Structures are given as C-alpha cells and as structure tokens.
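Take a look at the structure set out below.
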Amino acid sequence: MPQMEFQTEVSQLLQLIIHSLYSNPEIFLRELISNSSDALDKLRHLTLTDEAFKSMPFDPRIELALDEEAKILTLSDTGIGMNSEDLVSHLGTIARSGTKNFLSQLSGDQKKDSNLIGQFGVGFYSVFMVADKVEVVTRKAGEELAWRWTSDGKTGFEIEPASREVAGTTVTIHLNEDGAPFASSWRLQEIVKKYSNHIAFPIFLTYDKSEWNAEEKKSDKHRVTEQVNAASALWRRSKSELTDDDYKELYKSISGDGEDPLFWFHTRAEGSLEYTTLFFIPAHAPLDLYQAEYKTGVKLYVKRVFILDDSKDLLPQYLRFVRGVIDSEDLPLNVSRELLQQNKVLTSIRTASVKKILSELGKIATDQPEKYLDFIKQFNRPLKEGLYGDYANRETLLDLIRFKSTTAEGLTSLADVKSRMKEGQKALYYITGGGGTGSGGGAGPAGAESLLRSSPLLEIYKKRGIEVLLLDDDIDEIVFQGIDKYGDLELQSVAKGDVGDDLKDAAAEEAETSEDLQPLLEKLKAILGDRVKDVRASVRLADSPSCIVSDEDDPSLQMQQMLRAMGQTNFPAPKPTLEINPTHPIVKKLLARPAAPDADAVAGASVADDAAWLLFDQALLMEGVALPDPASFVKRLNRMLTLSV
Ligand code: ADP
Ligand code: MG
C-alpha cells in the first residue's frame, strides 16, 4: 500500500499533542496500555458471545520489552488486533466525534493551551510525544493476514503486509530525545504501577537486569521478564471474595498509611450509571487535615484505568480524610480536570458516594458505638464543617456529630439529648465559645470546656434541669449560627436574644418585679454608656449577679474576639446587652442605696460607677473575653476591697 497522508485534523492534533502535552509525556504508556486492555476486553467478549470465536484460545497478556541501548520499547497484546481498514480508520483519522469541530474552533494560541487539549482524548497519538518513529504490527482475530503500520507522526503513515503468529498488536516505539528517559526499566515499572496497576490483565516487562556475580566478581546482565502490575482491580471483585486483609493491604498501598483503616465501605452501583466505589476511613486524622493545601485521598479510575488522584472535586472538602477509589464505567478515559467539575456522571457518583459514606457511618454509630467514638475523636470537626457547606445532608450530619453537654458524660448525640428532654420542652439549647482549636478533632481544649461549664448563662438551665450542649470548637459558632432546627425542634443559643420558649414563664414572673428595677437599670446604662446596647433584668441567672448576651443575629463577643485575632478588624462591632440578676444580693444592695451623692466614695470614685463596671467586666471575663482595660478593672476591684476589708 502506498504512503498515505494523515487527515488534516490528525496532523493538527499531532502538533497540538507534541507542543502541549510535554509537561506530562509519561501518559503515552497509560494510553497504549489501555488500548491493549480494551483490545483484550473486546476479544474476551467475542470468545464469550460469538460462536465463531468460542473455540479460540484466549491468553490475555500485555508485554513490554525494553532495549535500553537502542532506545526501543515494544508493547504487545494478545487482543483483538486490527486489519488494514481498521488501521486506516482508527490510526489514520480522528474517530472521536467532536474533535474535528473542536479543532476548527481553536485559534493558533489556544492550540497551545494544554487545558484545552485535555478535553478530548489524545489516545494513541500521544506516543509521538516520545517517539520519532512508531511501527504497529497487528493481526485481527479470525483473520489470516497481518499488517504493518509505520509513521513518523508528522505527515502520514504507510501500511504494508506483515506476519504475526497470533492475533494481537505489537507497537514498536523508537524513542526520541524526549522519550529517552523512558528507556529505563525502573521508570517503566514506576509508570505502570502508577497508572495501570489495576488493569485486569497482567503486564510483563522484559529488560536487562544487572546482577552482581560474587564468584566472578563482576556484574552480569540477564534478560528477565517480570510481572509489573498487580493485575487485580480488587474493588471490582465482589465483597464475598475479599478478606479483611485484602482490604487492609489495598488501603495501605493506596494511602501510604502504615496503620489499618478504621472501616471501609465497598459499593457496586448498577443501573443508569455503573461504578464501583471503595472508601476507607483512616484510623488517625491525616497530618494535613487542617491545612489549606491538604492532599486528597480518592483516586479516580475509568474502567480500571487510573485517571487522577488529586482532584478536590471527587468528594466534598469536609470528607477530605476519606481514602479510596471511584471506578466509573461511564466517564471518558481522558476526561479532564476542568470537565470533571461539571461532569454530570461524576456529580451523580459524588452525590451518591457522600450519601453512602454518611449512611454507613450512621450504621456504625448505631451498631458499634464504641468504634464510632474512635472515628468521632478524629473526625467530628470535619463533619461540623459539612454542616456549613453540605446543605442537602445537614440532617444526617447533625445525627452523626457528637456533642459535649451539661448533663451527659462523654459525648452525646442530638437524638440522645432529644430523648432526655423534659416533657413539654420546646427547644434544644447550646452554648458556644472557648475557642477550641479543633486540632483534636472536636474535643476542644479542656480550658474551653470548663469556661463554658461555668458560664452564668447556664444557671437557669441548670436550675430547671434542662440539658445544654457545650460547643467548644472554634468553628461551632459560625456553623451553628446558620442552623436553627434539629428536626422540628428549635436549636437555640443560650447567649443570644431572648430566652427560649421554655423559660418564658420565668420571663413573665420577672416582668412583674422589674418595675422597681427600672431606675437602677437606667443608671447602669448611663454609666456604661456606649459600651452596651442595653441593660436589662435577667431571667437566666441564679447565682451570678450579671451576664452578657448578644442579639440573635450578631456575632458573639468570642466570635468578634476571634475575628480580630485573625486580623479582621473592619467589621462593625455589635454591642452586647448586660443582664443583671434582680435576686442577687449585690443588685439588691445597689437598689437599696440612696440615689445620690456617694457618701462612701473612695478617692473621688463613685461606688455606683465601680459597681456598674465590675458587673460588666466580670460578665465579660466569664465568657472568656479579654478585658480591653484590665488596669481600670483592677483599680476598681481594689477600691471595692478597700471598702469591704
Ligand atoms: P480510543 O482508545 O479512545 O478509541 P486511541 O487513539 O487510543 O483512541 O485508539 C484509536 C483506536 O485504535 C482504538 O479505538 C482501537 O480501535 C484502535 N487501537 C488502538 N490500539 C489498539 C490495540 N492495541 N489493539 C487493537 N486496536 C487498537
Ligand atoms: Mg485509547
């Protein structure tokens, strides 16, 4: 057959590939191996379904052979092979629909854009990134003749008769300068393991191995053949075939973690979309869990061919600690990172995967509560992040997250808190603050917890036996601000706005007595001036004289403090409201004082002034807020001490 020219699109494509993909030329091997794997899949299918092929022996293998010196790499398979028409139409034209259109739309500059090229498959032609000459000898299954296809990848190709003993294809690659690094058995093994370890067929590599010959005191070169890939897409096998050890080994090989995983969830989906997912939960939080540049842990495969493992789109960010594999039947092999983001198939897989992971965690929480706590110790906090971003799964996440509370020991679930609620209780209450770093996975520092436990805001709830959740992680306030329901129950902060419905009767009682308080409240307000929004009588307090509350929609004082510490200063600082306890002796005594003037003032300072500021400052301290002017606080305290000792 005479020399044939490439379709114009093919030569354009070749130029594009050669000039755009050089940053990652190693993918040529992945492409060729997956072609071989496809060819083996096709032949297997024929031998299983076509009478004419049933008696044909099927010995699937992919063989790589390296001639290091000549820089020639050959890749053979025992797959379906091609005849001369196949060669022309498959290796001489661009079969993929849309590619032609796509090329015609590109301007010269765009053609160099490697992001664009990722949008269609480069396939076989990627071999010309590393080769200046490629020869394909192939024989189609069921046919007698074999053919040789040769090309320099520039202008065209030649097809001539050849001979081949059995059906299959051999690609001989004459490596060019850029391909020289691939004339290394070590490098080839590395690439095969990286991209094709779980191709279902064995891949063998034949190369010259140097071995030290002790007797003759020299190193000998032997031609050796070794299987390079694991040839087992473990996740494609059914669960019943796999042992715990199989799973653990796979986990270790894909995660680089030396420890056994806590649990794994293996799912095979069949129906409109076909895919397999195998997810692992590590025993310990990855070290980079709280770093912006965390490493992702899920690998994407398409039909057992590795595609990528660093996409943050495979799972939502809050599940970044999950390790594992997604293997899809429906994605194109060369789906690009950019396209992944909007790919419908992947979006469906992702949505289903999140549901699966969360529901499996829920099962463990019910069936193995002890083990579930091991999980919570590591990953409670990322789950809380999910409340913020994953609206669709909010209810599920609320059930999975564990909380500290004023009455329960250890950690408790919202469902349990709900079951312990007092009859007729209308809301679930929580207190935030303490600024836990979350590095302990939601445990919060002990200091934060004890600060919360001693908050005056909890007094009335304690008195009435109402359980309050202690949210001592630094993200809790942001996260829970946006959540006002658990099922049909209100979720309410004890530090914000009015007291909940459950304390409304106390509020009514208080309203009757507050008449007499009015002059004192006015006076305190006048003294504290613009530091407070309001001063009012409290129904929350039992033992403390005062407390600080914020408006429903304002960030709490701790939150404001945290934002400032993070360098955010340009937000309006909402003022807090000071509440005082009408039944506290200090307040009663203040009420009983003659209106003016201050008979017992020390050093000209008014006792009423000092009392007002001390009530305010102590309330701040109890909420873990640093006083803006500690010196004044100490002076006032000392003046009061002078009066009393
Ligand atoms: P794709 O694999 O996406 O179809 P390629 O450019 O990789 O695109 O390959 C083009 C076509 O060439 C394949 O679809 C297949 O028909 C044929 N082909 C390539 N390699 C082989 C092979 N080793 N055995 C049989 N056919 C092959
Ligand atoms: Mg291909």
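Just so it is clear, the structure is predicted and the values come from calculations on it, not from any experiment. Start at 1 with the first residue, then count along the sequence. Note that ligands are numbered from 1 as they come in the structure, with each ligand's atoms numbered from 1 the same way.
For ligand 1, the atoms closer than 4.0 angstrom to any heavy atom of Ala39 are 24 (N), 25 (C). Of all atoms in ligand 1, numbered sequentially from 1 with element shown, those under 4.0 Å from a heavy atom of Leu91 are 12 (O).
None of Phe124, Tyr125, Phe128, Phe182 except one satisfies the ring-ring contact (aromatic ring centres under 6.0 Å, His included) rule with Phe28; the exception is Phe182. Results of the salt bridge (charged side-chain N to carboxylate O under 4.0 Å, His left out) test with Arg236 over Glu241, Glu274, Glu329 single out Glu329 as the only residue that passes.
Of the heavy atoms in Asp77, only side-chain atoms (C-beta onward) come closer than 4.0 Å to ligand 1. For Leu32, no heavy-atom contact with ligand 1 is shorter than 4.0 Å.
Counting only N and O atoms by type, the side chains of Asp330 and Tyr275 include no donor and acceptor under 3.5 Å apart.
Taking 2.8 Å as the threshold, Ser34 does not count as a candidate ligand of the Mg ion (ligand 2), since none of its N, O or S atoms lies below it.
Judged purely by atom type and a 3.5 angstrom limit, Asn229 uses its side chain to pair as donor or acceptor with the backbone of Phe201.
When the heavy atoms of Val136, Thr169, Val127 are ranked by distance to atom 22 (C) of ligand 1, first place goes to Thr169.
In this pair, Tyr247 and His266 present their aromatic rings perpendicular. The plane angle is above 60°, beyond the 30 to 60° band.
Under the 4.0 angstrom criterion for non-hydrogen atoms, Glu31 is not in contact with ligand 1.
Every N/O-N/O distance between Asp38 and ligand 1 stays at or above 3.5 Å.
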